[in-house]
Amino acid sequence: IAKKEKSTSSCPIPHCSTWDMARASRRSPGVMKQIALEEREGVIAAKDYKVGEHISVDQYVVKTPGRLYSGYGRESSDRRFHGGTIFNDAASGAIYVHNQVSLGGDETVMAKSTFESWLYDLAFAEVKQYH
């Protein structure tokens with residue numbers, strides 16, 4: 001095909017997405033790996049915590065609302081899971097995740113209460129300190 005303009009030779013040829021997927025190859029993500037130092041391993045647990053003495057708490061938010069445990073998935077978007085609270089015990093390494101519809105104070109206090117009863121059922125220990 002003869003070109004009418006000289007500038008058209010520098011234009012990239014458009015490809016369909018299927019062709020691009022077929023020609024794709026694995027690329028290195030450029031992630032730097034770190035090797036754990038043996039002398040620093042278990043630094044938090046090195047303080048000889050007992051179960052329930054040091055609990056780390058964090059919250060997460062999700063953009064796509066999650067489906068509730070009950071029901072058939074017909075809830076409106078504002079009544080679905082939008083995040084939750086993660087509890088981690090430093091001594092035992094136990095992790096508890098509590099999904100929440102909202103990250104307000106009332107549901108977070110309910111999550112805390114549920115975690116405390118779960119930890120007591122799991123290890124017969126009471127929570128002494130949150131971090």
Side-chain angles (χ1 to χ4, degrees):
I1 299 175
K3 300 172 185 161
K4 295 180 183 177
E5 300 289 329
K6 290 183 181 181
S7 62
T8 57
S9 62
S10 64
C11 294
I13 299 172
H15 300 289
C16 69
S17 58
T18 306
W19 187 87
D20 288 335
M21 293 282 284
R23 303 285 299 168
S25 61
R26 177 178 262 179
R27 293 188 303 179
S28 174
V31 176
M32 186 175 77
K33 294 183 180 180
Q34 295 182 353
I35 299 172
L37 302 174
E38 290 188 24
E39 64 267 7
R40 299 285 295 165
E41 188 173 329
V43 172
I44 292 178
K47 296 181 181 179
D48 294 328
Y49 286 122
K50 292 182 176 66
V51 176
E53 284 187 356
H54 187 84
I55 306 294
S56 300
V57 181
D58 199 5
Q59 288 189 320
Y60 64 93
V61 177
V62 294
K63 290 184 179 182
T64 306
R67 204 177 137 188
L68 299 178
Y69 299 125
S70 62
Y72 297 98
R74 296 180 185 150
E75 302 89 13
S76 62
S77 179
D78 61 328
R79 293 180 181 238
R80 295 182 180 202
F81 291 132
H82 287 90
T85 305
I86 302 171
F87 299 91
N88 182 15
D89 181 41
S92 66
I95 298 173
Y96 179 79
V97 179
H98 188 86
N99 295 318
Q100 296 175 223
V101 174
S102 71
L103 297 176
D106 54 343
E107 283 196 53
T108 304
V109 170
M110 276 184 15
K112 176 181 168 271
S113 175
T114 307
F115 168 72
E116 289 173 353
S117 64
W118 177 80
L119 186 66
Y120 187 80
D121 292 342
L122 183 72
F124 300 110
E126 293 183 5
V127 176
K128 295 179 179 67
Q129 179 185 7
Y130 287 99
H131 180 71

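What you see is a predicted model, and the numbers here were worked out from it, not measured in a lab.
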Contacts satisfying side chain to side chain donor-acceptor pair (under 3.5 Å) that involve residues 120-131 (not counting sequence neighbours) are E116-Y130

Taking all atoms of both residues into account, what is the closest heavy-atom pair of [X] and [Y], and its distance?
X   : Y   : answer
P65 : K63 : CD-O, 3.3 Å
G83 : V62 : N-CG2, 3.9 Å
V51 : A91 : N-CB, 3.8 Å

So does [Y] get a backbone contact from the side chain of [X], meaning a donor-acceptor N/O pair under 3.5 Å?
X    : Y    : result
R80  : E75  : yes
E53  : V127 : no
T114 : M110 : yes

For Y96 and N88, which I'm curious about, is there any donor-acceptor pair between the side chains at under 3.5 Å? no

[atom1] of [X] to [atom2] of [Y]: how many Å apart, nearest 0.5 Å?
X    : Y    : atom1 : atom2 : answer
Q59  : E107 : CD    : CD    : 10.0 Å
S92  : H54  : OG    : NE2   : 12.0 Å
S56  : D89  : OG    : CG    : 8.5 Å
D106 : T108 : CG    : OG1   : 7.5 Å

4.5 Å side-chain heavy-atom contact, [X] and [Y]:
X    : Y    : answer
L68  : V101 : yes
L103 : H82  : no
T85  : V57  : yes
T64  : F81  : no

CA sep, side-chain torsions, deciding dist, call: I95, F87, side-chain contact (heavy atoms from CB on, under 4.5 Å): CA-CA 6 Å; I95 298 173; F87 299 91; over 6 Å; no

Non-neighbouring partners of Y72 that pass ring pair (Phe, Tyr, Trp, His ring centres under 6.0 Å), sequence neighbours left out: none

